[in-house]
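All residue numbers refer to positions in the sequence shown, counting from 1.
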Amino acid sequence: CLRHFAHFEKSLALNAKDIFKKRIGELCDFIKEGIPDDTILLIDGPGIDQRKAFFKCCKAVSGAEIQIFKQTSFGDKRFVENQRQQILEICAKAGRQIDQAAIYYLSETVTGDGGSLQMELEKAFCYAGDREQITVEDCKAVCSCTPEAMSWDFANALVDKNMPAALRLVGTLAKQLAAERSGNLELSILGHAIRTFQEMIKTKNAMAEINAPARIGKSYFSAVPESVREKYPDNMLLKMHPFRAYKVCESAEKFSDGELAQTLRDILEANRRLVSGAVNPRIVLEQLVTVITGKRPR
């Protein structure tokens, strides 16, 4: 087992040291001679050049399985869409179906590479058992409680005005902070909430631009005429996957314009209090939850 071998790029370069070339050459000869039936050879490492003889040697082995993983770029504008495509590919290979809501959840909360997505989905497959369809509830039940997942759940609990769920997440956060002080986890979670409510404002503007109805059905964006798409090529909703566009519109309609403005002021005030360090983070977040999820006149 050649595990996490980080020198493929160096050993296959033209100016590689003799020791690297010699060892790779010996391994290549071993593969060409034929791997014994009682031997399983695992080779794992970055930097392999698919144009080089070594890769072609491995590819020529009968029954060999080769998996290529592209490096994840979190700054890529298409990051979420690329995550979504990987989710579909993993599920298709496993013979599973997956809800759009589950795809949206995983693409937003799993920020690792393809291996991370594979691992989280395999947990969901096991949890679902013989059931072919994977739901968002399956993913939430067994997927890792990462800071990204907590941030997503906390922001959505605020949007849904679900006080019990939001307070439970604050309790979980408090336990994590007590066990392992990770710096700015509470600020990160609050920052995600700010971005979520800012997206709701942009969504309302995008809805107004295309004269979308106040209550949008699930199939609305799948049936938008091409003439509308051509007229508003930069509209954020028309660029999204139809299901995601529907979901962000559904969330935006839960708050009036006045409520959104006040909510952002409340979040920014909570952010100021957290930065000052004068108040326990749990108290700040719990107070924020009760203010946002409590009854307000629209």
Side-chain angles (χ1 to χ4, degrees), residues 99-102 104-109 135-141 143-178 182 184-208 214-216 218 237 243-298:
D99 291 348
Q100 286 293 336
Y104 181 43
Y105 175 78
L106 290 173
S107 64
E108 291 282 343
T109 61
T135 68
V136 67
E137 288 76 18
D138 296 332
C139 298
K140 288 183 177 182
C143 289
S144 301
C145 187
T146 62
E148 292 80 16
M150 288 182 61
S151 299
W152 193 93
D153 288 336
F154 182 71
N156 280 275
L158 294 181
V159 170
D160 292 337
K161 299 184 180 179
N162 188 337
M163 185 183 294
L167 289 176
R168 280 196 300 271
L169 285 162
V170 172
T172 302
L173 171 64
K175 291 178 182 177
Q176 287 199 10
L177 290 174
S182 54
N184 297 319
L185 181 56
E186 64 272 32
L187 289 174
S188 175
I189 286 178
L190 202 59
H192 186 85
I194 292 174
R195 292 191 295 274
T196 298
F197 282 96
Q198 287 175 334
E199 183 181 52
M200 289 167 69
I201 294 174
K202 295 177 183 178
T203 298
K204 283 178 174 285
N205 290 333
M207 290 174 68
R215 293 290 181 266
I216 288 179
K218 291 184 178 181
L237 294 173
F243 179 80
R244 188 182 181 200
Y246 158 70
K247 293 299 290 184
V248 297
C249 289
E250 184 182 50
S251 296
E253 285 305 304
K254 294 178 180 178
F255 284 72
S256 67
D257 293 349
E259 284 182 303
L260 273 177
Q262 184 57 51
T263 296
L264 281 171
R265 285 194 287 268
D266 293 336
I267 295 176
L268 290 172
E269 173 60 19
N271 187 81
R272 184 192 66 77
R273 296 174 70 194
L274 286 175
V275 171
S276 72
V279 187
N280 185 292
R282 178 167 188 166
I283 294 175
V284 174
L285 293 176
E286 285 180 342
Q287 289 177 340
L288 178 67
V289 168
T290 57
V291 168
I292 293 177
T293 61
K295 296 294 183 181
R296 278 177 174 169
R298 290 182 65 85

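- Put simply, CD1 on Ile292 and CG on Asn162 are 13.0 Å apart, with the number rounded to the nearest 0.5 Å.
- Inter-residue side-chain proximity for Met207 and Leu237 is flagged as met; some heavy-atom pair is nearer than 4.5 Å.
- The pair Lys161-Glu259 meets the salt-bridge criterion, since a charged nitrogen lies less than 4.0 angstrom from a carboxylate oxygen.
- With sequence neighbours excluded, the residues satisfying salt bridge (Lys or Arg N to Asp or Glu O under 4.0 Å) with Arg244 are Glu108, Glu199.
- Contacts of Arg265 classified as salt bridge (Lys or Arg N to Asp or Glu O under 4.0 Å), with partners at least two apart in sequence or in another chain: none.
- Applying the side chain to side chain contact (heavy atoms under 4.5 Å, CB included) rule to Ile283 yields the partners Val279, Asn280, Gln287; only residues at least two apart in sequence or on another chain are considered.
- With sequence neighbours excluded, the residues that form a side chain to side chain contact (heavy atoms under 4.5 Å, CB included) with Gln100 are Arg84, Ile103, His241, Phe243.
- The ring pair (Phe, Tyr, Trp, His ring centres under 6.0 Å) search around Phe197 returns Phe255, not counting sequence neighbours.
- For Thr135, the side chain to side chain donor-acceptor pair (under 3.5 Å) partners two or more places apart in sequence, or in a different chain, are Glu137, Asp138.
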Please tabulate, one pair per line, all N/O donor-acceptor pairs under 3.5 Å involving side-chain atoms of residues 152-160, not counting sequence neighbours.
{"unit_1": "Asn156", "atom_1": "ND2", "unit_2": "Trp152", "atom_2": "O", "d": "2.7"}
{"unit_1": "Asp160", "atom_1": "OD1", "unit_2": "Lys254", "atom_2": "NZ", "d": "2.4"}

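- Contacts of Gln198 classified as side chain to side chain donor-acceptor pair (under 3.5 Å), with partners at least two apart in sequence or in another chain: none.
- In terms of the side chain to side chain donor-acceptor pair (under 3.5 Å) criterion, Tyr104 has no residue partners (sequence neighbours excluded).
- You'll find the side chain of Cys143 stays beyond 4.5 Å of the side chain of Thr109, heavy atoms only.
- Scored by the side chain to side chain contact (heavy atoms under 4.5 Å, CB included) test, Ala141 finds Tyr127 as partners (sequence neighbours excluded).
- In this structure, the side chains of Lys204 and Leu260 come closer than 4.5 Å at one or more pairs of heavy atoms.
- Legend: residues meeting side chain to side chain contact (heavy atoms under 4.5 Å, CB included) with Ala102, ordered by chain and number and at least two apart, are Ile98, Asp99, Val136, Cys139.
- Taking OG from Ser251 and CE from Met200, the interatomic distance works out to 6.0 Å, rounded to the nearest 0.5 Å.
- With sequence neighbours excluded, no residue forms a side chain to side chain donor-acceptor pair (under 3.5 Å) with Asn205.
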